[in-house]
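One structure is given below, encoded as structure tokens.
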Amino acid sequence: MTDSFSNLSLAPTLARAVAEMGYESMTPIQAQAIPVVLTGQDVMGAAQTGTGKTAAFSLPLLQRLLKHENPSTSPARHPVRALVLLPTRELADQVAQQIKMYAKYTQLRSAVVFGGMDMKPQTLELKKGVEVLVATPGRLLDHIEAKNAVLNQVEYVVLDEADRMLDIGFLPDLQRILSFLPKQRTTLLFSATFSPEIKRLAGSYLQNPITIEVARPNETASTVEQRFYAAQDDDKRRVIRKVLDDRGIKQAFIFVNSKLGCGRLARSLEREGLRTAALHGDKSQDERLKALEAFKKGEVDLLVCTDVAARGLDIKDVPAVFNFDVPFNAEDYVHRIGRTGRAGASGLAVTLVSPSDARLVGDIEKLIKKKLEVETLQLDTRPAGPAPEKWGERAEDRPRSRASEGRRREHDPRDALDAPHERRGGFRPAPINRDPFFQKPYEPAATDVPPSWEPSGPKTVRSSISANIKPKRKVAALFKSGE
DNA sequence: AAAAAAC
């Protein structure tokens, strides 16, 4: 077997840990990346999540740390020799835990630092000395400024979820961190998606990189069944319930685009009797951890989350992912649905599409190079009542419909719980909410928008409609009367 | 149109 770990001649200490974890054969990304990383060359690696990416870079990295002692450091000191950067705290934690397991029988020490936790224990660990440091950017900069972390001996730097690390929100911090590292070093970049812009930008951080692509990048796992259902906002929860019922699905991730919407949707579902937890960046780290744990243990069935949970989280057996909101970036769609159908399991990804989302669906279609059909799911309990509300109206102005009557308040005091939990600011630049690497300016064609956005009449139900060509018009048409 | 990442 050529793809066996035993053919790698890993250090016995590493081989033992790998064997103990039950790994025998390598995944494709491991089989391709490990030999290259062992040579010390720069790597740009594209691989779906759930394909063993972490082992693909950490095993050869640990091997090199073991075999190639840095001559400029005395054995008594333990400078940081490898730095692994990730875009979310949960990911940093997860990757750090894996590295700890791989390094279990070596003398190499590792540590993880991220925000939302007390600095002191992290500082103590850093002062003891670690060879491998896993971190999120903000907290790492704190430790650098406090002189807790000295990075001038770093030989290897890994940017996981590299497309996110290189986007405008992270780039200033990342550049600052990189400015503390020696120029002479190995740089490894890994991501499930690589847009051409990111590839170009990444090139400026790499020296003669070897490109490794296992699954074609930006391609979604073939084990995931992808569905797009047209739904007005008020119907979305019922569509979710119906899909869960029809398919007998117990657990799911539900992605939304905003933190406020996350808390609200979680409470709505909870009120409807579903066991739900919310996960977003304004929750305390403790709440974030608890939400994730509760979902892993099966104490809650639905995890309503923002894109904080879109990348890399390795939770076994998530049978379904719902996109309550269509993601603003098509790349995020690929990452979100990557939460299901992991490691060869089958998964379901349902995206709920409202008329204004048509362009976003078109973007997704282009990215994954797959023809998408927006279907209408017949809701069993839908009363054959009056015409649906106008699309243009604000939800608050509309008469309350059906079951939500009297239950909803315009200002739920618990929304205050979703207020920023931690202070942000300081030297960070003002938030820029556009992402030039991913966003292309949208200029509607003359024919793109219907002349008048009429209130819709009785909704016609169609079995399916192709969003392949001019998706904006097609999907919008789905909501228009009598077409 | 948003989210993420620090005290």
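Below, read A as the first sequence line, B as the second, and so on, with proteins coming before strands; counting in each chain starts at 1.
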Between A:His335 (NE2) and B:dA3 (P), how many Å, whole number? 18 Å
Does B:dA1 have OP1 or OP2 under 4.0 Å away from a side-chain N or O of A:Ser258? no
Check A:Ala309 against A:Leu279 and note the closest heavy-atom contact, atom names and distance. CB-CD2, 4.0 Å
May I have the distance from A:Phe255 (atom CZ) to B:dA3 (atom P), rounded to whole angstrom? 14 Å
Looking at B:dA1, I'd like to know if its phosphate oxygens (OP1 or OP2) sit under 4.0 Å from a side-chain N or O belonging to A:Arg359. no
Report the relative orientation of the aromatic rings in A:Phe295 and A:Phe253; use parallel for angles under 30°, tilted for 30 to 60°, perpendicular for over 60°. perpendicular
Going by an N to O cut-off under 4.0 Å, is there a salt bridge joining A:Glu331 and A:Arg311? no
Once you round it to whole Å, what is the distance between P of B:dA4 and CD1 of A:Ile168? 18 Å
Atom-to-atom span, CG of A:Asp163 to P of B:dA4 - whole angstrom: 16 Å
Identify whether any heavy atom of A:Asp307 sits under 4.0 Å from a base atom; if not, whether one sits that close to sugar-phosphate; answer base, sugar-phosphate or nothing. nothing
Closest to the A:Asn329 side chain, choosing from B:dA2, B:dA1, B:dA3: B:dA2
In whole Å, I'd like the distance from the CG atom of A:Leu159 to the P atom of B:dA5. 17 Å
Rounded distance in Å - CG (A:Leu174) to P (B:dA6): 13 Å
Side chain of A:Leu360 (C-beta onward), nearest among B:dA3, B:dA5, B:dA1: B:dA1
The nucleotide from B:dA6, B:dA2, B:dA4 with an atom nearest the side chain of A:Asp142 is B:dA6
Between A:Asp233 (CG) and B:dA1 (P), how many Å, whole number? 16 Å
On the nucleotide B:dA5, are OP1 or OP2 found under 4.0 Å from the side-chain N or O atoms that A:Arg288 carries? yes
Which residues pass the side chain to side chain donor-acceptor pair (under 3.5 Å) test with A:Asp42, not counting sequence neighbours? none
For A:Phe324 and A:Asp233, which heavy atoms make the closest approach, and how far apart are they? CZ-O, 4.3 Å
Between B:dA5 and A:Thr88, is there an OP1 or OP2 to side-chain N/O distance shorter than 4.0 Å? no
In whole angstrom, give the distance that lies between atom CZ of A:Arg311 and atom C1' of B:dA3. 10 Å
